[in-house]
Amino acid sequence: MSDESVDLGTNGLEQERARRLGSLDALRAKGTNPYPYRFDRSHTLGEIRNEFGALEAGSETKSHVTVAGRILLKRDQGKLIFATLQDRETSIQLFVSKAIVGDDAFDAINNLDLGDWVGATGIVMTTRKGELSIKVDSVILLSKAVRPLPDKWHGLTDTDTRYRQRYADLIGNEESRRMFAVRHAVISSFRRTLHERGFIEVETPVLHVEPGGAHARPFVTHHNALDMTLYLRIALELHLKRLIVGGMERVFEIGRVFRNEGISTRHNPEFTMMELYQAFADYTDIMDLTEVLFVNAANDATGSSTVLIDDIPVDLAKPWRRVRMIDLVREATGVEVHPSQPREQLVALAEKHGVKVLPHFGPGKIIEELFDATCETTLREPTFVTGHPVEISPLARVDRNDPHLTERFELFVGGRELANAYSELNDPVEQRLRFEDEQKSKEAGNAEAGTVDEDFLRAMEYGMPPTGGLGIGMDRLVMLIGNAQSIRDVILFPTLRLEAF
RNA sequence: GCGCCUUUAGCUCAGCUGGUAGAGCAACGGACUCUUAAUCCGCAGGUCCUGGGUUCGAUCCCCAGAGGGCGCACCA
């Protein structure tokens with residue numbers, strides 16, 4: 001066997017690949033380029049459906065069109081072939097008659113494989129049964145597929161293969177295509193809503209010297225020329241606030257952030273965050289804006305503001321509950337809690353509810369743990385949980401009515417956190433103290449605590465106006481609006497273990 | 001990281017108390033000018049995830065490992 005020859009192989013896949021590679025050679029021998037450079041179409045398949053969708057059965061138009069797409073199905077009738085052509089929008093049937101195209105072209109079309117890309121010209125018609133079709137007068141191969149498609153009826157269901165070979169998933173699974181259309185619509189809707197409100201879209205660094213703005217373990221990398229340790233960002237917050245100091249007033253960024261933590265149906269190590277900052281606003285303004293963003297996104301993506309949460313319809317357009325974290329914990333435990341209480345009291349309550357308390361947990365952290373354990377998963381309908389303890393909110397402003405709480409909210413929907421927002425802390429002296437508390441907590445063994453970001457403090461010292469800020473986990477929002485059960489269904493290429501080839 | 005489940009033809013899946021595997025689709029050969037997952041006839045296709053062990057004999061039982069799913073933990 002020479003190096004060039006195709007291994008005829010021992011299994012079905014290799015045999016099929018060898019056959020298709022062989023037909024490539026045969027095409028080239030006949031002077032056909034199986035991979036031409038370009039192709040002009042007159043209509044997308046969706047345009048044809050829009051224009052001719054109402055055609056009666058058995059009609060023939062005078063419209064001669066040129067289309068392109070992938071052959072998904074072939075139904076061979078002897079001297080007549082029906083082929084299903086799919087493009088990005090939809091699919092349409094090609095009607096190929098031997099009497100029209102001639103013997104040679106008919107054979108060539110008959111020799112096309114499922115998965116091949118073709119361009120076709122012909123007359124728009126409907127069959128006797130009413131199926132919108134193109135009565136073909138010519139078909140040209142645009143790209144030969146050498147590997148067979150998944151099952152034409154069941155598609156690809158194996159989750160591993162769907163995530164690893166998203167290309168094959170997208171070819172066969174309408175639902176997968178729909179989900180990514182929803183994703184695009186949601187993100188596009190956010191840009192529209194924010195542009196309408198005078199927000200400027202910006203891009204800030206992904207490589208950070210200090211991984212701040214959230215509590216999470218970072219990915220660590222290294223810049224060779226500068227011989228410097230860098231971290232992939234875990235949040236967008238601190239750079240966007242620097243822009244508020246700079247006077248940009250309303251900024252947002254939709255960007256990838258990275259957290260070196262577990263993977264689950266709700267977590268991917270890299271995910272997409274939208275953060276915005278609005279000068280002269282506080283967290284109540286941000287609640288209103290969050291509701292608008294969500295309702296617009298649902299409407300733009302699905303045509304309705306109603307989404308399914310655990311299979312129950314919920315209209316996002318109704319105002320959302322606003323309730324303090326300490327009040328929710330009191331409702332759940334029957335015990336009044338407040339960060340000003342002695343730590344031992346809260347430890348006792350935590351133990352009663354099976355909450356593990358680590359040595360570096362202060363009263364505020366224990367209250368949050370109690371909330372996570374007793375309340376979080378019960379918050380099915382959209383709920384703004386407000387008033388987080390200062391201890392767990394180093395970048396949020398203290399509540400104007402309670403020095404132990406902050407002006408902060410987290411938005412929970414379907415038991416999942418989707419958003420986090422504050423009246424932003426803009427006092428540089430207090431910010432330094434908060435950072436120093438974080439630093440102490442880190443030294444006490446809290447791996448996720450932050451450090452003192454001197455450049456950020458310098459920015460604060462130039463003066464940041466009163467500002468409201470918001471962060472939204474876009475993947476989870478797409479899950480909500482698209483009704484996805486796993487974050488992997490809304491991320492085109494989710495993080496997986498190394499594949500063995 | 002821990003627990004449970006799972007891995008059989010290119011795809012979707014069967015496979016009984018242990019006797020070395022089947023179907024549908026795709027492919028290939030044939031029939032067919034209105035099909036819709038076309039239909040009909042024929043033919044081929046296998047490292048039963050990997051490595052050990054038990055057994056006369058392992059897809060099946062046991063152990064270890066790998067991939068995947070779900071749950072818990074961490075977190076958004």
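In what follows, every chain begins at residue 1, and chains take the letters A, B, ... in the order their sequences are listed.
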What nucleic acid atoms does A/Thr265 come within less than 4.0 Å of, heavy atoms only: base, sugar-phosphate, or nothing? sugar-phosphate
Report yes if a side-chain nitrogen or oxygen of A/Arg497 is closer than 4.0 Å to either non-bridging phosphate oxygen (OP1 or OP2) of B/G68; otherwise report no. yes
Describe the nucleic acid contact of A/Asn268 in one word from base, sugar-phosphate, nothing, applying a heavy-atom distance below 4.0 Å. base
Return the set of residues passing salt bridge (charged side-chain N to carboxylate O under 4.0 Å, His left out) with A/Arg162 (not counting sequence neighbours), or none when no residue passes. A/Asp169, A/Asp489
Pair pattern of RNA chain B in dot-bracket, where unpaired bases get dots and | marks partners in another strand, Watson-Crick or G-U under 3.5 angstrom: (((((((..((((.....[..))))..((((.......))))......(((((..]....))))))))))))....
Below 3.5 Å is the cut-off: list the nitrogen or oxygen pairs between protein and nucleotides 6-9 of chain B, distance only.
none

Atom NZ of A/Lys74 and atom P of B/C32: how far apart are they, to the nearest Å? 17 Å
Contacts of type side chain to side chain contact (heavy atoms under 4.5 Å, CB included), residue A/Leu13, not counting sequence neighbours: A/Asn11, A/Arg17, A/Arg147, A/Pro148
Testing the 3.5 Å rule here: is there a donor-acceptor pair between the side chains of A/Ser423 and A/Glu407? yes
Whole angstrom is fine here: how far is it from CD in A/Glu14 over to P in B/C11? 12 Å
Within this structure, what is the CD-to-P distance between A/Glu237 and B/A76, rounded to whole angstrom? 12 Å
Give the residues of residues 405-415 of chain A touching RNA chain B, defined as any heavy atom closer than 4.0 Å, sorted by residue number. none
C1'-based separation of B/C56 from B/C11 [nearest Å]: 38 Å
Length of the CG-P vector between A/Leu149 and B/G24, whole Å: 21 Å
Decide yes or no for A/Arg476 and A/Arg266: does some side-chain heavy atom of the first lie under 4.5 Å from some side-chain heavy atom of the second? yes
According to the ring-ring contact (aromatic ring centres under 6.0 Å, His included) rule, which pairs have a member within residues 71-97 of chain A, sequence neighbours left out? A/Phe82-A/Phe95
A/Phe190 and A/Phe199: aromatic ring centres closer than 6.0 Å? no
How far, in whole Å, is B/G65 from B/C4 if one measures between their P atoms? 13 Å
Taking the side chain of A/Ser486 as heavy atoms from C-beta outward, which of B/C34, B/U36, B/C70 is closest to it? B/C70
What I want to check is whether an N or O donor and acceptor connect the side chain of A/Asp151 with the base of B/G10 at under 3.5 Å. no
Smallest heavy-atom separation, A/Arg49 atom then A/Ser91 atom, equals NH2-O, 2.7 Å
Can you find a side-chain donor-acceptor pair between A/Ser189 and A/Asn296 that sits under 3.5 Å? no
For a quick check of understanding: with a heavy-atom distance under 4.0 Å over all strands, which category does A/Gly473 fall into, base, sugar-phosphate or nothing? nothing
Apply side chain to side chain contact (heavy atoms under 4.5 Å, CB included) to A/Arg191 and list each qualifying residue two or more places apart in sequence or on a separate chain. A/Ile187, A/His195, A/Glu201, A/Phe252, A/Ile254
In residues 51-59 of chain A, what donor-acceptor pairs under 3.5 Å come from side-chain atoms, sequence neighbours left out?
residue, atom, partner, partner atom, Å
A/Ser59, OG, A/Glu56, N, 3.4
A/Ser59, OG, A/Glu56, O, 2.3

Round to the nearest Å and state the distance from A/Gln93 atom CD to B/A38 atom C1'. 10 Å
Can you confirm whether A/Leu276 sits close enough to A/Leu289 that some side-chain heavy atom of one is under 4.5 Å from a side-chain heavy atom of the other? yes
Gap in Å between the two P atoms, one belonging to B/G19 and one to B/G68, rounded: 32 Å
5′-ward residue of the pair A/Leu112/A/Ala99 relative to RNA chain B: A/Leu112
side-chain N/O A/Arg19 vs B/C28 OP1/OP2, d < 4.0 Å: yes
Applying a 4.0 Å non-hydrogen cut-off, can you work out what A/Glu16 is touching in the nucleic acid: base, sugar-phosphate, or nothing? sugar-phosphate
What are the two closest non-hydrogen atoms of A/Gly362 and A/Glu391, and how far apart are they? N-OE2, 2.8 Å
To the side chain of A/Leu156, which of B/U36, B/C11, B/A73 is closest? B/C11
For A/Gly58, report the nucleic acid contact type (base, sugar-phosphate, nothing); a contact means any heavy atom under 4.0 Å. nothing
Please list each protein N or O that sits under 3.5 Å from an N or O in nucleotides 39-41 of chain B, with the distance.
none

Under 4.0 Å between a side-chain N or O of A/Thr161 and OP1 or OP2 of B/G68? no
Quick one: is A/Thr159 getting a side-chain N or O under 4.0 Å of the B/G68 phosphate, OP1 or OP2? no
Residue met sooner reading RNA chain B from 5', once A/Pro150 and A/Arg20 are mapped to nucleotides: A/Pro150
Integer angstrom distance from the P of B/A21 to that of B/C40: 28 Å
Using the side-chain heavy atoms of A/Phe82, tell me which of these nucleotides is nearest: B/G67, B/C34, B/C28. B/C34
Would you call A/Glu438 and A/Lys442 a salt bridge, taking side-chain N to carboxylate O under 4.0 Å as the test? no
A/Glu131 has an atom CD; how far is it from atom C1' of B/C34, in whole Å? 11 Å
When all nucleic acid strands are considered with a 4.0 Å heavy-atom cut-off, which category describes A/Phe95: base, sugar-phosphate, or nothing? base
Out of B/A37, B/G45, B/C28, whichever nucleotide has its closest atom nearest the side chain of A/Gln15: B/G45
Report yes or no: is the ring centroid of A/Phe271 under 5.5 Å from the six-membered base ring centroid of B/A76, with the two planes under 30 degrees? yes
What residues, two or more places apart in sequence or in another chain, satisfy side chain to side chain donor-acceptor pair (under 3.5 Å) together with A/Arg321? A/Glu331
Applying side chain to side chain donor-acceptor pair (under 3.5 Å), can you list everything that pairs with A/Lys144, at least two apart in sequence or on another chain? A/Asp113, A/Asp116
Under 4.0 Å, heavy atoms only, any strand: does A/Ile472 hit a base, just the sugar-phosphate, or nothing? nothing
Below 4.0 angstrom from OP1 or OP2 of B/C11, is there any side-chain N or O of A/Arg147? no
Rounded to whole Å, the CZ-C1' distance (A/Arg266 to B/A73) equals 12 Å
Whole Å only: how far is the CD atom of A/Glu56 from the C1' atom of B/C34? 17 Å
Between B/A58 and B/U47 - C1' atom distance, rounded Å: 15 Å
Respond yes when some side-chain nitrogen or oxygen of A/Thr157 is under 4.0 Å from OP1 or OP2 of B/C13, and no when none is. yes
Assess, by modelled atom type and distance only, whether the side chains of A/Asp87 and A/Thr44 contain a donor and an acceptor separated by less than 3.5 Å. no
Between B/G24 and B/G45 - C1' atom distance, rounded Å: 14 Å
Among residues at least two apart in sequence or on other chains, which ones pass side chain to side chain contact (heavy atoms under 4.5 Å, CB included) with A/Arg408? A/His388, A/Ile392, A/Ser393, A/Ala396, A/Thr406, A/Glu410, A/Asn420, A/Tyr422
